[in-house]
Amino acid sequence: MTRFSAFSLFAKALGGHKDWPEQWPDAAPKPAYDAIIVGGGGHGLGAAYYLAKKYGITNVAVLEKGWIGGGNTGRNTTIIRSNYLYDESAHLYDHAVKLWDGLSQELNYNTMYSKRGVMMLAHNVHDIQSFKRHIHANRLNGVDNEWLTPEEARAYCPPLNISPDARYPVLGAALQRRGGTARHDTVAWGYARAAAALGVDIIQNCGVTGIRRGVDGAVEGVETTRGYISCKRVGVSAAGNSSVIMQMAGLDFPLESYPLQALVSEPVKPTFPCVVMSNTVHAYMSQSDKGELVIGAGTDQYVSYSQRGALHIVEHTLAAICEIFPIYRRMRMLRTWGGIVDVTPDRSPILGKTPVKGLYVNCGWGTGGFKATPGAGDLLAYTMAKDEPHWINAPYNLDRFRNGRLIDEAAAAAVAH
Amino acid sequence: MILIHCPYCDEKRAEIEFAYAGEAHISRPVDPSTYGDEEWERYLFIRANPKGRHHERWRHIHGCGRFFNAVRDTVTDKFETTYKAGEPRK
């Protein structure tokens, strides 16, 4: 593996960039591993990397049914923030934001993490009250978040329409300056490259078709489209397909899978300096480094695995975008797509052990898993290595749906779900 | 946008006329006081979420306003059938 540096880039440029070596090998499955991660998205690859890096477990395979980063990792709108209301959520998401900070250096791969700020717009009295409550709760947890007047909000994001004549006028905004965006593909590729360098096998086109359990009920291995693989420690990080995989181990999960759509415009020069979200009119947007406006639409109303959604969902979001940012009314949209998000009843993830010995799970991130990529990977690796959850992910257990200790972020208004 | 056949209006209409209402045939507890934590968890939170045939409820909210059940494939989003509330599971 060539280490990337200004010098190596310069040297290769002299040779016309012709002889870059393969960044990581396309591995074939071995008969047995110490640990298997099901799902080669950012979360799964991250878990494999941290298992190898932090806990010395290097005989690890990541099984991906398609190509790595081709699921929700490559389909999201790349927004990173941690301004969640509850203590458990603030700890979980801020753990991830702290890891984002040094990630490019750690992986020697540019994840293009840009702390451009995430601004949430308040359009009514309830929004103002709710956002101010979030700001205070966040600051008590050491998470930055501040209140902006409409004028300050427009100064931070000039395309914003703060006219009092707007259908839903902007009455203020909450700004998390540490929030921002990253390049989603590079997160998967960076983790894959770093994990492979430590000995992890990245196995693509290898779908899991069954989970084999022994007489004691513990996991013995997984059946895949490329044969049986023996393994006593399996971590499932399969996003929208999580309940399908858990069914293979005989577990019913409190999950429902919905299509979530996003779209990008034609690329234009930099006009949009930050991330803006509005939950009330349901719109959020940022501009990629390539110049496209990246827009997140909502989920479709019905359960589906189709990875596509209906046009009226997109229209609804674009109507809101045109109202908040009149400057973009004549922009043309280039592409829309959908990803399948696994949603829990309380809209918080499930990350920890399962009732089956040797089976661990990281799922239920719903519409907002990208921001947590490094944190979720790190915590899944911890849980698998120690066979017990880290204190940060301990509240995110499966038992909470039985004992009622829900982490009810769904009712918290600063969450776009 | 998917087209949905309302079994009451006997017409195929656009999805925006309808509201999705979750998995079908989940019966309310007959005697809630006998329910333990496990039964409540199953009733409130556990859903089939299958990749394939899914039984679900819809409401023709901008039409007749009535609830009905449907069987839809969650991979293709194609409806197999829709039927009136109260009819047996298809």
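Chain letters run A, B, ... following the sequence lines, proteins first and then strands; every chain starts at 1. Bear in mind that the values here come from a model prediction, so they are computed numbers and not experimental data.
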Tell me whether Arg402(A) at atom CZ has more than 12 heavy atoms from other residues, nucleotides or ligands lying less than 6.0 Å away. yes
Drop me the distance from Gln301(A)'s CD to Glu15(B)'s CD, to the nearest 0.5 angstrom. 5.0 Å
Reported CD-to-CG distance for the pair Glu41(B) and Asp252(A), which is rounded to 0.5 angstrom: 9.5 Å
When every non-hydrogen atom of Lys51(B) is compared with those of Val244(A), the smallest separation belongs to CB-CG2, 3.9 Å
Is it true that atom OH of Tyr168(A) has more than 12 heavy atoms of other residues, nucleotides or ligands lying nearer than 6.0 Å? no
Between CE on residue Met1(B) and CD1 on residue Ile313(A), distance to nearest 0.5 Å: 8.5 Å
Under 4.5 Å heavy-atom distance to chain A, tell me which part of Ile2(B) shows up: side chain, backbone, both or neither. side chain
Counting only heavy atoms closer than 4.5 Å, note whether Asp342(A) contacts chain B via side chain, backbone, both or neither. neither
Output the distance between atom CG (Asn49(B)) and atom OH (Tyr258(A)), rounded to the nearest 0.5 Å. 8.0 Å
Test item: Val303(A) and Glu23(B) side chains (from C-beta on) under 4.5 Å apart, heavy atoms: no
Does atom NZ of Lys357(A) have more than 12 heavy-atom neighbours, drawn from other residues, nucleotides or ligands, at distances under 6.0 Å? no
Looking at chain B, which one of Pro259(A), Ala310(A), Ser306(A) has the largest number of heavy-atom pairs inside 4.5 Å, strictly under? Ser306(A)
Could you tell me which of Phe18(B), Trp40(B), Trp58(B) has the largest number of non-hydrogen atom pairs under 4.5 Å with chain A? Trp58(B)
Return the CD to OG distance between Glu56(B) and Ser304(A), rounded to the nearest 0.5 Å. 9.5 Å
Applying a strict 4.5 Å limit to non-hydrogen atoms, the region of Leu251(A) in contact with chain B is neither
Return yes when atom CD of Glu87(B) has more than 12 non-hydrogen atoms of other residues, nucleotides or ligands closer than 6.0 Å, and no otherwise. yes
Under-4.0 Å salt bridge between Asp77(B) and Arg308(A): no
Is it the case that more than 12 heavy atoms not belonging to Lys90(B) sit under 6.0 Å from its NZ atom? yes
Parallel, tilted or perpendicular: ring planes of Phe45(B) versus Phe401(A), cut at 30 and 60 degrees: perpendicular
Are any side-chain N or O atoms of Asp37(B) and backbone N or O atoms of Asn403(A), one a donor and one an acceptor, separated by less than 3.5 Å? no
